[in-house]
> 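The following block contains the structure, expressed as structure tokens.
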Amino acid sequence: AFIPLADGTSVKINDDVRDAEITADRQRIVVLLTDGTLYVTDPKLEKKQTICDDCVGLLSYVKDDGFFYENKSGSMCRFRFADSSSLSFKKPDAYKIARNNLSILYAADNELWRLGAAESEPEKIAALSDGRFERDVYLTAISDDAETCVWVTEEPDGTQKINLRDGEDV
């Protein structure tokens, strides 16, 4: 796989690559091999840090502060470059990632959760009616600071309700 660099050249990764992405700031390359090995390297390929050896796939675009991936056990994981930390949580039924960082709004087990980019624990913000998620809840937006979350629910009578969480209020 060839990865384009900021100076117009490219770097060749000789491994058996399934997916590879470079951060927008061109400081890190995230590589997923066909055997499930996920690692991060620098553009000169001098420093290689293995993140996971049973990765199924990347679940979002790689951002300057990190990325999300899924492992074979069915967990979704967030990896942050700043502290080389990986946080694992139940694979969501659906999710929405903030535009500029790793804040995420996700639904799992009929509950709605938010996780700020700098936070280490998700926060439950709403319970969804049992069994309704598949067809009746649409995740719309999460702000970069994860304080503002928007989702739409469809009521039994067919009307749509826009839900807003702004700070502590829902």
Side-chain angles (χ1 to χ4, degrees), residues 1-6 10-125 128 133-144 146 149-152:
F2 288 91
I3 305 294
L5 301 177
S10 62
V11 62
K12 182 179 180 185
I13 299 174
N14 292 319
D15 296 322
D16 192 9
V17 177
R18 186 169 88 195
D19 194 5
E21 292 187 39
I22 191 166
T23 56
D25 64 8
R26 303 286 197 227
Q27 298 300 306
R28 296 174 187 89
I29 301 171
V30 178
V31 180
L32 173 58
L33 304 180
T34 57
D35 70 359
T37 301
L38 178 67
Y39 69 87
V40 176
T41 187
D42 63 290
K44 293 182 180 181
L45 306 179
E46 295 173 342
K47 300 175 189 170
K48 181 177 172 181
Q49 178 185 8
T50 299
I51 307 303
C52 177
D53 59 7
D54 68 344
C55 182
V56 174
L58 296 174
L59 296 177
S60 68
Y61 293 109
V62 173
K63 300 184 182 224
D64 288 345
D65 56 345
F67 57 93
F68 290 92
Y69 64 94
E70 180 183 353
N71 62 26
K72 287 182 182 171
S73 66
S75 295
M76 184 173 187
C77 304
R78 178 192 67 188
F79 182 80
R80 290 190 307 204
F81 295 128
D83 57 4
S84 294
S85 68
S86 198
L87 175 68
S88 177
F89 48 96
K90 183 175 176 13
K91 183 180 175 188
D93 299 310
Y95 58 91
K96 187 74 175 177
I97 299 170
R99 168 171 265 165
N100 298 308
N101 64 20
L102 296 177
S103 291
I104 185 171
L105 172 66
Y106 69 95
D109 293 333
N110 290 312
E111 296 175 330
L112 198 58
W113 298 79
R114 64 166 277 290
L115 176 64
E119 296 171 355
S120 58
E121 290 295 324
E123 174 191 3
K124 183 172 96 171
I125 60 173
L128 305 171
F133 180 77
E134 290 279 329
R135 66 175 211 284
D136 298 333
V137 179
Y138 310 96
L139 306 182
T140 306
I142 183 168
S143 61
D144 288 340
C149 303
V150 180
W151 65 99
V152 178

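Both backbone and side-chain heavy atoms feed into the values below; hydrogens, waters and symmetry mates do not.
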> Is there side-chain contact between F81 and V62, with at least one heavy-atom pair below 4.5 Å?
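The answer is yes; the side chains approach within 4.5 Å.
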> Parallel under 30°, tilted from 30 to 60°, perpendicular over 60°: which one fits the rings of F67 and Y69?
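The arrangement is tilted - the two ring planes meet at 30° to 60°.
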> Check the pair I22 / L5 against side chain to side chain contact (heavy atoms under 4.5 Å, CB included), numbers first and verdict last.
CA-CA 8 Å; I22 191 166; L5 301 177; 3.8 Å; yes
> Is the ring centre of F68 less than 6.0 Å from the ring centre of Y95?
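No; Y95 has its ring centre 6.0 Å or more from that of F68.
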> Could I get the full list of salt bridge (charged side-chain N to carboxylate O under 4.0 Å, His left out) partners for D19, not counting sequence neighbours?
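For D19, no residue satisfies salt bridge (charged side-chain N to carboxylate O under 4.0 Å, His left out) once neighbours in sequence are set aside.
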> Any side-chain heavy atom of L58 within less than 4.5 Å of one from L38?
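Contact flag for L58/L38 side chains = yes.
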> Donor-acceptor check, side chain of R28 to backbone of T23, threshold 3.5 angstrom: yes or no?
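Here the side-chain-to-backbone pair does not exist.
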> Side chains of I142 and S103, heavy atoms from C-beta outward: is any pair under 4.5 Å?
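The answer is yes; the side chains approach within 4.5 Å.
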> Taking the side chain as every heavy atom from C-beta outward, state whether P43 and R26 have any pair of such atoms under 4.5 Å apart.
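In short, these two side chains do not touch, never coming nearer than 4.5 Å.
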> Report, as yes or no, whether the 6.0 Å neighbourhood of atom NZ on K63 holds more than 12 heavy atoms from other residues, nucleotides or ligands.
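Yes, the 6.0 Å shell around NZ holds more than 12 heavy atoms from other groups.
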> Please confirm whether the backbone N or O of N100 pairs with a side-chain atom of D144, one donor and one acceptor, at under 3.5 Å?
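Between the backbone of N100 and the side chain of D144 there is a qualifying donor-acceptor contact (under 3.5 Å).
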> For S86 versus F79, what's the shortest heavy-atom pair and its separation?
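Heavy-atom minimum between the residues: CB-CD1, 4.1 Å.
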> Tell me which one of I29, V30, T50 satisfies side-chain contact (heavy atoms from CB on, under 4.5 Å) with T41.
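That would be I29; it is the only one of I29, V30, T50 passing the side-chain contact (heavy atoms from CB on, under 4.5 Å) with T41.
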> Mind running side chain to side chain donor-acceptor pair (under 3.5 Å) on D65 and N101 for me, showing each step along the way?
CA-CA 7 Å; D65 56 345; N101 64 20; 5.1 Å; no
> Looking only at atom types and distance, does a side-chain atom of D35 sit under 3.5 Å from a main-chain N or O of T37, one as donor and one as acceptor?
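Confirmed, D35 side chain pairs with T37 backbone.
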> Heavy atoms, side chains only, cut-off 4.5 Å: are V17 and L33 in contact?
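Counting from C-beta outward, V17 and L33 do come under 4.5 Å.
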> Which residues pass the salt bridge (charged side-chain N to carboxylate O under 4.0 Å, His left out) test with D25, sequence neighbours left out?
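So D25 forms no salt bridge (charged side-chain N to carboxylate O under 4.0 Å, His left out) with any residue.
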> Do I104 and R78 make a side-chain contact, defined as non-hydrogen atoms from C-beta onward lying under 4.5 Å apart?
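SC-SC contact between I104 and R78 ruled out.
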> Look at atom CZ of R99 and say whether more than 12 heavy atoms of other residues, nucleotides or ligands are closer to it than 6.0 Å.
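Open: at most 12 neighbouring heavy atoms sit under 6.0 Å from CZ of R99.
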> Apply ring-ring contact (aromatic ring centres under 6.0 Å, His included) to F2 and list each qualifying residue two or more places apart in sequence or on a separate chain.
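Partners of F2 under the ring-ring contact (aromatic ring centres under 6.0 Å, His included) test: none.
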> In Å, rounded to the nearest 0.5 Å, how long is the span from CD of E123 to CH2 of W113?
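The CD atom of E123 sits 9.0 Å away from the CH2 atom of W113.
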> Mark yes or no for whether D42, through its side chain, and K47, through its backbone, hold a donor-acceptor pair below 3.5 Å.
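Yes: the side chain of D42 pairs with the backbone of K47.
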> Kindly compute the distance separating OH (Y106) from CG (D93), expressed to the nearest 0.5 Å.
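Nearest 0.5 Å value for the OH-CG distance: 11.0 Å.
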